[in-house]
Amino acid sequence: MNQNLYALLRERFPEDRSQPVIERADGTRISYDEMEAEAGRIAALLGQLGVQKGDRVAVQVDKSPENLFLYLGTLMAGGVYLPLNTAYQKGEISYFLGDAKPRVMVCRPETRESIEAVAAEAGVDHVLTLDAAGGGSLSEQARECEPMTRIVECDADDLAAICYTSGTTGRSKGAMITHRNLSSNAFALHRIWGFEQGDVLLHALPIF
């Protein structure tokens, strides 16, 4: 059985995938089918960029549904999602990229120039952009891709994400989070919160 977190999520999608999974602040809704298609296009693009199972995808962008699609697409492609605080500056980004060695970096359009310089020094192959409205080179290039439908096979102990610590007692350290870690959290929250069909979660935190 594929233990990829995305595979576990998809198994639990409703039978009617035209149902909404996300509602934006302006009231527009995104269905399960639409979300999967967008994540699939990003997964296909990452594959074209050379992302293989275990490769890191570093992300320093504003919160948006498209950022969520990027997370899911990274999982689908077998990559490791590396979210970075949007307040991090050039020196901090340089350390994270040098330490984690991502294959792809996704940043805000306004920071692309400075990010490209640090990414080149760290040996990052590709730098793409994503803005708060969902625009940018990531979305533009993904639109040209056929959605990937295959979910890369992962074991429960394979890496799904790396989250850097705050570094209060020294340099930030990359906490390595597996598919099992994330799925067990999801199952625990589902049980403790008592989620049922039709319930709505108001998500107020930054994605990183």
Side-chain angles (χ1 to χ4, degrees), residues 2-10 35-62 64-84 86 88 90 92-109 111-131 134-164 174-179 182 207-208:
N2 190 354
Q3 295 299 305
N4 187 313
L5 176 64
Y6 187 80
L8 299 177
L9 291 173
R10 187 160 75 175
M35 178 181 72
E36 180 152 70
E38 293 300 327
R41 289 187 183 93
I42 291 173
L45 173 61
L46 294 176
Q48 289 179 13
L49 297 176
V51 171
Q52 300 178 10
K53 182 178 175 181
D55 284 343
R56 284 78 159 127
V57 177
V59 181
Q60 190 193 32
V61 301
D62 295 311
S64 67
E66 288 73 21
N67 188 359
L68 180 60
F69 304 154
L70 172 55
Y71 172 46
L72 297 176
T74 300
L75 293 175
M76 188 185 290
V80 178
Y81 186 78
L82 170 55
L84 296 172
T86 51
Y88 285 145
K90 186 175 179 179
E92 293 161 309
I93 297 298
S94 177
Y95 167 69
F96 297 131
L97 298 188
D99 187 58
K101 304 294 184 189
R103 186 173 293 275
V104 175
M105 170 78 189
V106 183
C107 65
R108 293 166 290 181
T111 64
R112 176 166 189 159
E113 189 174 338
S114 63
I115 293 293
E116 281 183 329
V118 233
E121 291 174 5
V124 179
D125 293 337
H126 305 279
V127 176
L128 301 174
T129 60
L130 180 66
D131 64 28
S137 60
L138 173 77
S139 300
E140 291 165 6
Q141 293 182 39
R143 268 196 295 272
E144 304 301 316
C145 299
E146 282 295 315
M148 177 173 156
T149 55
R150 180 182 70 89
I151 302 173
V152 170
E153 192 85 20
C154 289
D155 293 329
D157 291 327
D158 287 336
L159 278 187
I162 297 176
C163 292
Y164 275 85
M176 303 172 82
I177 303 172
T178 66
H179 290 270
L182 293 169
I207 291 181
F208 62 78

At what distance, to the nearest 0.5 angstrom, does [atom1] of [X] lie from [atom2] of [Y]?
{"X": "Ile151", "Y": "Glu36", "atom1": "CD1", "atom2": "CD", "answer": "6.5 Å"}
{"X": "Thr74", "Y": "Ile42", "atom1": "OG1", "atom2": "CD1", "answer": "7.5 Å"}
{"X": "Met176", "Y": "Asp157", "atom1": "CE", "atom2": "CG", "answer": "11.5 Å"}
{"X": "Thr178", "Y": "Asp158", "atom1": "OG1", "atom2": "CG", "answer": "8.5 Å"}
{"X": "Gln141", "Y": "Thr129", "atom1": "CD", "atom2": "OG1", "answer": "8.5 Å"}

| query | Mind checking whether Tyr95 and Tyr164 have parallel, tilted or perpendicular rings, split at 30° and 60°? | reply |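 The rings of Tyr95 and Tyr164 stand perpendicular, inter-plane angle above 60°.
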For [X] and [Y], indicate whether the former's side chain and the latter's backbone hold a donor-acceptor pair under 3.5 Å.
{"X": "Ser139", "Y": "Gly134", "answer": "yes"}
{"X": "Lys101", "Y": "Arg56", "answer": "no"}
{"X": "Ser94", "Y": "Val118", "answer": "no"}
{"X": "His179", "Y": "Cys154", "answer": "no"}
{"X": "Asn4", "Y": "Gly78", "answer": "no"}

Can you name the closest pair of heavy atoms from [X] and [Y] and give their distance?
{"X": "Arg108", "Y": "Asp62", "result": "CD-OD2, 3.5 Å"}
{"X": "Leu49", "Y": "His126", "result": "O-NE2, 3.2 Å"}
{"X": "Cys145", "Y": "Arg41", "result": "O-CG, 3.5 Å"}
{"X": "Asp131", "Y": "Gly136", "result": "OD2-N, 4.4 Å"}
{"X": "Tyr88", "Y": "Gln60", "result": "O-NE2, 3.1 Å"}
{"X": "Leu97", "Y": "Pro102", "result": "O-CD, 3.5 Å"}

| message | Could you go through Val59 and Ile207, starting from their C-alpha distance and side-chain angles, then the distance that decides it, and tell me whether this counts as side chain to side chain contact (heavy atoms under 4.5 Å, CB included)? | response | CA-CA 10 Å; Val59 181; Ile207 291 181; over 6 Å; no
| query | Between Gln3 and Asp155, is a side chain to side chain contact (heavy atoms under 4.5 Å, CB included) present by the stated rule, with each step listed? | reply | CA-CA 5 Å; Gln3 295 299 305; Asp155 293 329; 5.6 Å; no
| request: Show the numbers, then the answer: is there a side chain to side chain contact (heavy atoms under 4.5 Å, CB included) between Leu46 and Asp55? | output: CA-CA 10 Å; Leu46 294 176; Asp55 284 343; over 6 Å; no
| request: Before giving the answer on side chain to side chain contact (heavy atoms under 4.5 Å, CB included), spell out for Leu138 and Val61 the whole-Å C-alpha distance, their side-chain angles and the decisive distance to 0.1 Å. | output: CA-CA 11 Å; Leu138 173 77; Val61 301; over 6 Å; no
| field | side-chain hydrogen bond (donor to acceptor under 3.5 Å, both in side chains) involving Ser114 - partner list, sequence neighbours excluded | value |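 Ser114: no side-chain hydrogen bond (donor to acceptor under 3.5 Å, both in side chains) contacts found.
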| task | Could you list the residues that satisfy side-chain hydrogen bond (donor to acceptor under 3.5 Å, both in side chains) with Glu116, not counting sequence neighbours? | result |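 Partners of Glu116 by the side-chain hydrogen bond (donor to acceptor under 3.5 Å, both in side chains) criterion, ordered by chain and then number, come out as Arg112.
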Kindly indicate whether the side chain of [X], heavy atoms from C-beta on, has any atom under 4.5 Å from the side chain of [Y].
{"X": "Leu128", "Y": "Leu45", "result": "yes"}
{"X": "Tyr71", "Y": "Leu5", "result": "yes"}
{"X": "Leu84", "Y": "Leu82", "result": "yes"}

